[in-house]
Amino acid sequence: MKFMFSVVAALMLEILPLPLWAMHLRPEFLLIVMIYWALAMPYRVGLGMVWLLGLVADILHSDLLGERALLITLIVSLVIKLHARIQLFPLGQQMLIVFLWVLLFQSIQFLIFYILGHSLPGYSYWLASFTSALCWPLLQNRSNRVLI
Amino acid sequence: MVMLAVASLVLMTLDHHLDGFAKLRSNLSVVAVPIRYIVDSPIHWVRWLGSGLSRQEQLLRENAELHANELLLQAKIHELSETNKVSHQVQTLLHANVHGDSKFLVAELLAVDVDAFAEQLVIDKGKPQGVYVGQPVFDADGVFGQVINVGPMTSLVMLVTDAHSAIPVQVERTGTRAIAVGSGDGNYLTLLHVSDTTDIVKGDRLLTSGLGLRFPMGYPVGIVDTVEHVAGQGFAAIKVIPFAHLRQSRQVLLVWPTRASFLPQVQEQLQKSPLTRPESPANSNSDAEDNTE
């Protein structure tokens, strides 16, 4: 139930209209919510489900079909593999590792843009990694759970 | 994992290379419709409430303004009908059929972002209304963009400022033709390949030229903001500010342009002529233009 709610919320946040200056600050909501669930219940999150949700995000963003699906599945499978270690990390360290994952996500996406010959985004593209990491405490902090 | 990765790689390649895939894609956009509407509806309601709460004074003022505007427009229509008559005569002289009235449809923009780095918007009209890919979209002040994906309930519009957008334009003052390409950062367009010596200055209005057969002729696109002559470069760097209110418009116009076609005997002549390409049936507005030059 909570899972469904958080997924719908993440998908809505993905397309919530933002003012022009904030457009490039939008965190990768679906990705961090998926990372959260992969850490919270690593044996119950199915990769197929994650892939399908990524596909829905692709459709919402009218991206290349399968691009986000591939990247999110890739990162979530990494998270599941490493979950035992990361669960024990303090919050600061978790934020750092979330930052690195989103950075990985964005780097591969950038590479795909490059291979396809799309016009490449500017420096502000990379801000999403920072904002995603900053959103992590909202999801994870056990004393004041705001979102989940 | 491996299977999913392969599946997405296959999907990506197919989507990138296969034109037929666009159909599946547009059908898949149904999945996005509920989420888009859930996001859109509260914003829509707040706006509606906002307009419902506007003061009477304001409404009266608006009403007066609209009346004044209507009078002005009426006057302009009379003027135009005169011009129309003249242009009708001229076109009959040139053996081109006069183009009829284009069909218009008002579409509402959904309050959702699509992609931070692609300037695209979602409108609430789709296949049932006859929307097609490549259809021109205007707002009250100028060219807004074109449709790039048609779904069963919504369609995707690419703004003129998107990096992938290009519009054939013509300078109103001199008739010089150029191509206006989106800059990708939301505010302006640039003119491609305008040689350094071309007569174009700040403040020139650009209209659609009708070449390329996508946009009808003579609609305002933008105004030249800066013209930079870079030493050692063959082309001038020209910035154009679009007329359309790309960030503020809530409603846009979808247009079904009607194209003028040649009279049958002219078409026959054209078919025989060695100059015309065999694949072009020559029934368009802009061909008529070219032919008269």
Side-chain angles (χ1 to χ4, degrees), chain A residues 7-26 46-74 76-78 80-81 109-110 112-113 115-122 124-125 127-128, chain B residues 1-17 21-22 24-40 42-43 109-122 148-149 151 154-156 158 162-164 182-187 246-247:
Chain A
V7 163
V8 171
L11 287 176
M12 281 170 66
L13 285 169
E14 289 267 340
I15 58 163
L16 187 79
L18 293 178
L20 201 55
W21 59 268
M23 237 153 88
H24 300 169
L25 296 177
R26 185 196 305 272
L47 284 182
M49 177 75 171
V50 174
W51 189 81
L52 275 180
L53 288 172
L55 203 62
V56 173
D58 273 332
I59 296 166
L60 276 176
H61 287 284
S62 84
D63 276 335
L64 193 64
L65 281 182
E67 174 208 310
R68 245 161 241 266
L70 171 69
L71 295 181
I72 292 184
T73 319
L74 186 82
V76 167
S77 67
L78 272 180
I80 291 176
K81 216 162 247 171
Q109 198 172 40
F110 195 86
I112 293 174
F113 286 158
I115 293 169
L116 296 182
H118 284 201
S119 59
L120 293 178
S124 57
Y125 171 75
L127 287 174
Chain B
M1 178 62 217
V2 177
M3 255 176 60
L4 289 174
V6 171
S8 36
L9 283 176
V10 168
L11 254 183
M12 282 157 72
T13 353
L14 284 177
D15 193 20
H16 190 57
H17 292 291
F21 223 64
L24 172 73
R25 229 189 131 90
S26 62
N27 286 331
L28 274 177
S29 75
V30 181
V31 180
V33 168
I35 303 171
R36 279 177 179 160
Y37 270 96
I38 294 172
V39 172
D40 173 67
I43 299 170
L109 295 176
L110 293 189
V112 293
D113 280 351
V114 179
D115 191 337
F117 291 92
E119 295 179 37
Q120 298 167 353
L121 291 170
V122 184
I148 53 169
N149 187 312
T154 54
S155 308
L156 207 58
M158 173 171 71
D162 189 286
H164 295 275
S183 64
D185 78 347
N187 301 317
L246 302 176
R247 303 277 156 206

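The chains referred to below are lettered A, B, ... by the order of the sequence lines, with proteins before strands, and numbering in each begins at 1.
- Only the side chain of B/R247 has a heavy atom closer than 4.5 Å to any heavy atom of chain A.
- With rounding to the nearest 0.5 angstrom, the CG atom of B/L156 is 12.0 Å from the NE2 atom of A/H61.
- For a residue to count as touching a neighbouring chain, one of its non-hydrogen atoms must lie under 4.5 Å from one of that chain's; by this rule A/F113 does not touch chain B.
- When the candidates B/L14, B/V114, B/L24 are compared by the number of heavy-atom contacts under 4.5 Å with chain A, B/V114 comes out ahead.
- Distance OG1/A/T73 to CG/B/L4: 5.5 Å, rounded to 0.5 Å.
- Here the closest heavy-atom approach between residue B/D113 and residue A/R26 is recorded as OD2-NH2, 2.8 Å.
- Put simply, CG on A/L13 and CD1 on B/I35 are 11.5 Å apart, with the number rounded to the nearest 0.5 Å.
- When heavy atoms are compared at a cutoff of 4.5 Å, A/L18 approaches chain B by way of both its backbone and its side chain.
- Looking at A/D63, the atoms closer than 4.5 Å to chain B (heavy atoms on both sides) sit in the backbone and in the side chain alike.
- Of the two parts of B/A163, only the side chain, counted from C-beta on, holds a non-hydrogen atom closer than 4.5 Å to a non-hydrogen atom of chain A.
- Rounding to the nearest 0.5 Å places CG of B/L11 at 6.0 Å from CG of A/L65.
- Proximity to chain A is limited to the side chain of B/L9, based on heavy atoms less than 4.5 angstrom apart.
- Note that the CG atom of A/D58 and the CE atom of B/M12 stand 8.5 Å from one another [nearest 0.5 Å].
- With a threshold of 4.5 angstrom between heavy atoms, A/L74 approaches chain B through its backbone and through its side chain.
- In this structure, B/S8 and A/L55 have side chains that are not in contact, with every pair of non-hydrogen atoms separated by 4.5 Å or more.
- Looking at every heavy atom in both residues, A/M12 comes nearest to B/I38 through CE-CG2, 3.4 Å.
- A 4.5 Å side-chain heavy-atom check between A/P17 and B/I43 finds at least one atom pair inside the cut-off.
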